[in-house]
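In what follows, chains carry the letters A, B, and so on, assigned in the order in which the sequence lines appear, proteins first and then strands, with residues in each chain numbered from 1.
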There are 2 protein chains.
Amino acid sequence: MEKKILICDDHKIFREGLRALLEKQPGVKVVGGARDGLEAVKLARELSPDIVIMDISMPGLNGIEAARKLAKVKKSARVIALSMHNDRKYVTEIIKAGARAYLLKDSAFEELMDAIKAVSCGRFFLSAGITNIVLDDYIKGPSRDPRSAFTLLSAREREVLQLLAEGLRTKEISQKLALSVKTVETHRKKIMEKLGIGSIAGLTRYAVKEGLITL
Amino acid sequence: MEKKILICDDHKIFREGLRALLEKQPGVKVVGGARDGLEAVKLARELSPDIVIMDISMPGLNGIEAARKLAKVKKSARVIALSMHNDRKYVTEIIKAGARAYLLKDSAFEELMDAIKAVSCGRFFLSAGITNIVLDDYIKGPSRDPRSAFTLLSAREREVLQLLAEGLRTKEISQKLALSVKTVETHRKKIMEKLGIGSIAGLTRYAVKEGLITL
DNA sequence: ACAGGTATCGGGGATTCCCCTAGAAGGCCG
DNA sequence: CGGCCTTCTAGGGGAATCCCCGATACCTGT
């Protein structure tokens, strides 16, 4: 029996490209395409796909919320998350939302086929590099709150992070906080370690995303 | 004679999808794929494609700068910009950089084929909705928007700025661009001088604001 | 030809980064 | 209570960087 597939992505040309690739494969059939989360849920109800390939960033209702809804409304549909972000936040959230696979858009198409086979058999599938994130969270125990700067970092660390992201250099921060330069360095190191970010530029982008500073 | 096409996008699965669609079309042949701007320029020189389909947001060297380089180095290649942004900033800049077409990723594949036909004949092609933006700027005459990254900085400086904001350290940049560490330092110094920004964090925020990188 | 901007490098000292180690204080759990 | 973890603090030492100089070469427009 052919697997029915629903493709959800807000870029039409991407949907068409993926459809073209899938149509060359035996055993699968693309039954529809959705351009946002709401349409994804609607079409999933109408078409009863076996597999839903779900982009995460979509306007209106994003892929994570859409997956959450599908888990309630259409349990039979196996969701494969497909995203350009390898951000831990997205990964953990959509997996918790019921997705059975997480692929990066940078993956080869072959990996997508592997994922389709895996979830069809009831197994999970994670892109290389994603596994680390999930296992990392797993061994750290059930962290129910989302991994934000406020749960991950200590108050002092957030303080240092903000100053770093605002552009102060190590010496200035040490003066401002009445600390040794070495202490500030240690804080920076711990922050980078916790967040898995290895540069000031990366920390700045993170701080903006988390709302610690404004552009 | 078949048109040789080079696909530039940082997502492998997107490149594969597009290739699958194009391979079903007569008269065109995909000769290669690049995952960033530098590779795009390199492959364009090696493969001499007739058409370069260029995504705008790519790591390292973005599509706008890549188009600018191609306009100097490989005049024969017609660039089709393919982006998810319908932001006027991107449109005007890449058109000025020499692109002959601008398509949204939300476009249908058919539109891409129309664009390929158009630029092959030496015509321009703009996605619906994009035309307004260009004409709008056109009738308003040369609207020198002051103080943007595109008017203040040189191409090389923008290139270095993007890499800095992406979190690469000086040495990595020098290796990527095949330059001396000292040269990269000088560029950074000039960038900071021109922009009046004195830290990597500040440069990162600036690059995000200007759309050189995404969060 | 000349001025100006751009792009490319170097010297050298101050500074920071990055790897270690480590003590004091507070909380948590068997 | 006695370990154990986390946090905050700080230092040593070498590599890498930042930051001030200067310098050469190449365009481009006047």
J.: Could you run down nucleotides 12-22 of chain C 5' to 3' and tag each one B, S or - for protein heavy-atom contact under 4.0 Å?
T.: B--SSBB----
J.: Rounding to a whole Å, what distance do you find between B:Glu65:CD and C:dA7:C1'?
T.: 15 Å
J.: Within the distance-only criterion (no hydrogens, no angle test), does the side chain of B:Lys209 pair as donor or acceptor with the backbone N or O of B:Arg205 below 3.5 angstrom?
T.: no
J.: Just the rounded figure in Å: distance from P of D:dT6 to CZ of A:Arg158.
T.: 17 Å
J.: If an axis is fit to five pairs at each end of the helix from C:dA1-D:dT30 to C:dG30-D:dC1, what is the angle between the two, to the nearest 10°?
T.: 40°
J.: Ion pair present between B:Lys69 and B:Glu159, side-chain N to carboxylate O less than 4.0 angstrom?
T.: yes
J.: In this structure, how many angstroms lie between the C1' atom of D:dT17 and the CG atom of B:Leu168, rounded?
T.: 15 Å
J.: Here's one to test your reading of the geometry: is the NZ or CZ of B:Lys105 within 45 degrees of the ring axis of B:Phe14 and under 6.0 Å from its centre?
T.: yes
J.: Quick one: B:Leu203 CG to D:dC19 P, roughly how many Å, whole number?
T.: 10 Å
J.: A:Arg156 has a side chain; which of C:dT8, D:dA10, D:dC8 sits nearest to it?
T.: D:dC8
J.: Take the protein atom CG of B:Leu177 and the nucleotide atom P of C:dA7, then report the distance between them rounded to whole Å.
T.: 12 Å
J.: Please determine if a side-chain N or O atom of B:Thr183 lies less than 4.0 Å away from the OP1 or OP2 oxygen of C:dC9.
T.: yes
J.: Can A:Glu193 and A:Lys189 be counted as an ion pair, charged N to O under 4.0 angstrom?
T.: yes
J.: Mind calculating the distance between CD1 (B:Ile191) and P (D:dC18) to the nearest angstrom?
T.: 12 Å
J.: Restricting to non-hydrogen atoms, name the atom on B:Pro59 and the atom on B:Asp36 that form the minimum distance, rounded to 0.1 Å.
T.: O-CB, 3.2 Å
J.: Rounding to an integer number of Å, can you tell me how far B:Glu159 CD sits from C:dT6 C1'?
T.: 14 Å
J.: Are B:Arg158 and B:Glu65 close enough for a salt bridge, meaning some N to O gap below 4.0 Å?
T.: yes
J.: Is there a donor-acceptor contact under 3.5 Å from the side chain of A:Arg78 to the main chain of A:Val119?
T.: yes
J.: For A:Leu161 and D:dT7, give me the distance from atom CG to atom P, rounded to whole Å.
T.: 15 Å
J.: Is the closest basic N to carboxylate O distance between A:Arg188 and A:Glu157 below 4.0 Å?
T.: no
J.: Thinking salt bridges, do A:Lys182 and A:Glu185 make one under a 4.0 Å N-O criterion?
T.: yes
